[in-house]
Protein chains: 2
Amino acid sequence: MHTKTFVRFKHTFLMAEKTTHIKPTESELEILQVLWQHGPNTVRFVNDELSKSKETGYTTTLKLMQIMHEKGMVNRDESGRSHIYSAAITETATQKQLLDRFLDTAFRGSALKLVMQALGNKKTSQQDLNEIRNLLDNLKKEEK
Amino acid sequence: MHTKTFVRFKHTFLMAEKTTHIKPTESELEILQVLWQHGPNTVRFVNDELSKSKETGYTTTLKLMQIMHEKGMVNRDESGRSHIYSAAITETATQKQLLDRFLDTAFRGSALKLVMQALGNKKTSQQDLNEIRNLLDNLKKEEK
DNA sequence: ATGTTTATACGAAAAATTTCGTAAATAAAA
DNA sequence: TTTTATTTACGAAATTTTTCGTATAAACAT
């Protein structure tokens, strides 16, 4: 889908084509994960990867990827007999989208609560904790 | 669905009714949010709340809440004419569930990436940042 | 009492997502 | 060449989620 939004900028209004609303389903996300992780690949490869963690029929994966192509979620190279699919949206952009939505629906928008849950529940490595600490320091500096 | 799990406690094994696999759909989650935020309430109230942010028919909300009741996701008091629904699962337990799942599907399990996105994207308040810092300090102390 | 509003129950349509079977084409193997 | 395997295309069934219409009963107002 496609939504138009008004965005205030200085003293003018601009139309912003919001390419938002990439809303991969759970299955689509699993496929994107494979493509992000391993780069452009065939349906066969993706299906083999998915098969490692769950039952999945070849034509099911194929159909899903064809649909994703229709939606513009993946590109495909049709030059060879087996088509090569690649993600058309970046991992971080998608994560940002999903996170925003998730934050709203699950944590009523409170990033604090989400972060605390994420850190509290899981045993996070010492190194990761340090990285977060650095990020915090940077954020502090930025707002002078 | 309902699963039973063994939980080790001291030197004994106990059967724990794990209300695991609560997988509220997006609509169900919206309803739960209202119940968590405002406490036990009627379908009418919940529907009015939802109506503030989106189109929603009364019987639609009713049906959803009835289904949620069947699933054991909410309790209801049928003593009066208008039934009073209340959340049967806690907000934090549900958040933990959803977060775990979300972490896997969207961030491939990396709490670090998720946290950094959450903090990086959104402008988090100074106070929130401090709270996180405290949490980090506590986590540091705990592992001696 | 009679009509109007407001509830629940419930079936079933509508929409979205996922799974699968089969046909047709191409490549590879025998 | 002839079979066998692999691939895409595609329709449609199966599932899940969401929405809605209608019947029925209770409460309320006139």
Side-chain angles (χ1 to χ4, degrees), chain A residues 1-3 21-35 40-51 53-86 94 98 101-102 105-106, chain B residues 1-2 21-35 40-51 53-86 94 97-98 101-102 105-106:
Chain A
M1 200 181 293
H2 222 67
T3 328
H21 231 246
I22 345 165
K23 225 271 181 173
T25 67
E26 198 127 335
S27 305
E28 290 173 340
L29 204 48
E30 289 176 338
I31 289 172
L32 284 172
Q33 295 287 11
V34 175
L35 295 178
N41 259 302
T42 63
V43 173
R44 173 66 55 196
F45 178 85
V46 171
N47 187 249
D48 285 351
E49 278 302 306
L50 295 182
S51 298
S53 50
K54 68 161 190 177
E55 271 298 291
T56 160
Y58 177 80
T59 52
T60 299
T61 305
L62 170 65
K63 182 69 171 187
L64 274 173
M65 292 177 76
Q66 285 171 342
I67 291 172
M68 291 168 79
H69 180 240
E70 279 171 20
K71 293 189 191 170
M73 218 173 250
V74 295
N75 303 118
R76 83 175 161 199
D77 175 353
E78 307 180 359
S79 58
R81 181 156 97 101
S82 355
H83 299 171
I84 305 290
Y85 288 80
S86 55
T94 306
L98 294 175
R101 191 185 187 83
F102 181 70
T105 62
Chain B
M1 200 180 295
H2 222 69
H21 232 249
I22 346 165
K23 223 276 181 170
T25 67
E26 199 129 332
S27 305
E28 289 172 339
L29 204 48
E30 289 176 337
I31 289 171
L32 285 171
Q33 295 289 10
V34 175
L35 295 178
N41 259 303
T42 63
V43 173
R44 174 63 58 195
F45 178 85
V46 170
N47 187 249
D48 285 351
E49 278 302 307
L50 296 182
S51 298
S53 50
K54 69 163 190 177
E55 271 298 289
T56 158
Y58 176 81
T59 51
T60 301
T61 306
L62 170 67
K63 182 69 171 188
L64 273 172
M65 292 177 77
Q66 285 170 341
I67 291 172
M68 291 169 78
H69 181 241
E70 279 172 19
K71 293 188 190 171
M73 220 173 248
V74 295
N75 303 117
R76 83 175 160 197
D77 174 353
E78 307 179 1
S79 57
R81 182 158 96 100
S82 353
H83 300 171
I84 306 290
Y85 289 80
S86 55
T94 308
Q97 282 276 332
L98 293 175
R101 190 184 188 87
F102 181 69
T105 61

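Side chains included, hydrogens not; waters and symmetry mates left out as well; all remaining heavy atoms used. Throughout, protein chains are lettered first and strands after them, A, B, ... in sequence-line order, and every chain is numbered starting at 1. Since this is a predicted model, take the numbers as computed values, not measurements.
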What's the closest nucleotide to the A:Gln66 side chain, out of C:dT18, D:dT8, C:dA7?
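It is D:dT8.
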Can you find a side-chain donor-acceptor pair between B:Thr61 and B:Thr56 that sits under 3.5 Å?
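Yes, B:Thr56 and B:Thr61 have a side-chain donor paired with an acceptor closer than 3.5 Å.
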Please check: side-chain N/O of B:Glu49 versus main-chain N/O of B:Val46, any donor-acceptor pairing under 3.5 Å?
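No, because the side chain of B:Glu49 does not come within donor-acceptor range (under 3.5 Å) of the backbone of B:Val46.
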Any donor-acceptor pair under 3.5 Å linking the side chain of A:Thr42 with the backbone of A:Phe45?
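Yes, because the side chain of A:Thr42 sits within donor-acceptor range (under 3.5 Å) of the backbone of A:Phe45.
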Respond yes when some side-chain nitrogen or oxygen of B:Thr25 is under 4.0 Å from OP1 or OP2 of D:dT18, and no when none is.
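It does, given that an N or O in the side chain of B:Thr25 lies less than 4.0 Å from OP1 or OP2 of D:dT18.
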Ion pair B:Lys54/B:Glu30, N-O distance below 4.0 Å:
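Looking at B:Lys54 and B:Glu30, the cut-off is met.
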Can you tell whether the side chains of B:Glu28 and B:Lys23 come within less than 4.0 Å, N to carboxylate O?
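Here B:Glu28 does not pair with B:Lys23 in a salt bridge, since their nearest N and O are not under 4.0 Å apart.
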Determine whether A:Val74 and A:Leu32 make a side-chain contact, defined as any pair of heavy atoms from C-beta on separated by less than 4.5 Å.
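Side chain of A:Val74 against side chain of A:Leu32, heavy atoms only: contact under 4.5 Å found.
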Determine whether more than 12 heavy atoms belonging to other residues, nucleotides or ligands lie under 6.0 Å from atom CD of B:Glu78.
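Above 12, so yes.
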Using a cutoff of under 3.5 Å, can you pull out all pairs of nitrogen or oxygen atoms linking the protein to nucleotides 19-23 of chain D, with atom names and distances?
none

Decide yes or no on side chain to side chain contact (heavy atoms under 4.5 Å, CB included) for A:Arg76 and A:Ile84, but give the supporting numbers first.
CA-CA 5 Å; A:Arg76 83 175 161 199; A:Ile84 305 290; over 6 Å; no
Plane angle bin for B:Tyr85 and B:His69 - parallel if under 30°, tilted between 30 and 60°, otherwise perpendicular:
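The rings of B:His69 and B:Tyr85 stand perpendicular, inter-plane angle above 60°.
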First encountered from the 5' end of DNA chain C, between A:Glu26 and B:Arg44
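Result of the comparison: B:Arg44.
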Where along residues 69-76 of chain A does a heavy atom fall under 4.0 Å from DNA chain C?
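Listed by number, there are none.
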Scan nucleotides 24-30 of chain D nucleotide by nucleotide, 5' to 3', and note B when protein non-hydrogen atoms come under 4.0 Å of the base, S if they reach only the sugar-phosphate, - if neither.
-BBS---
In whole angstrom, what separates A:Tyr58's OH from C:dT18's C1'?
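Going from A:Tyr58 (OH) to C:dT18 (C1'), I get 17 Å.
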Between atom CD of A:Glu70 and atom CD1 of A:Ile67, what is the distance when rounded to the nearest 0.5 Å?
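With rounding to 0.5 Å, CD (A:Glu70) is 6.5 Å from CD1 (A:Ile67).
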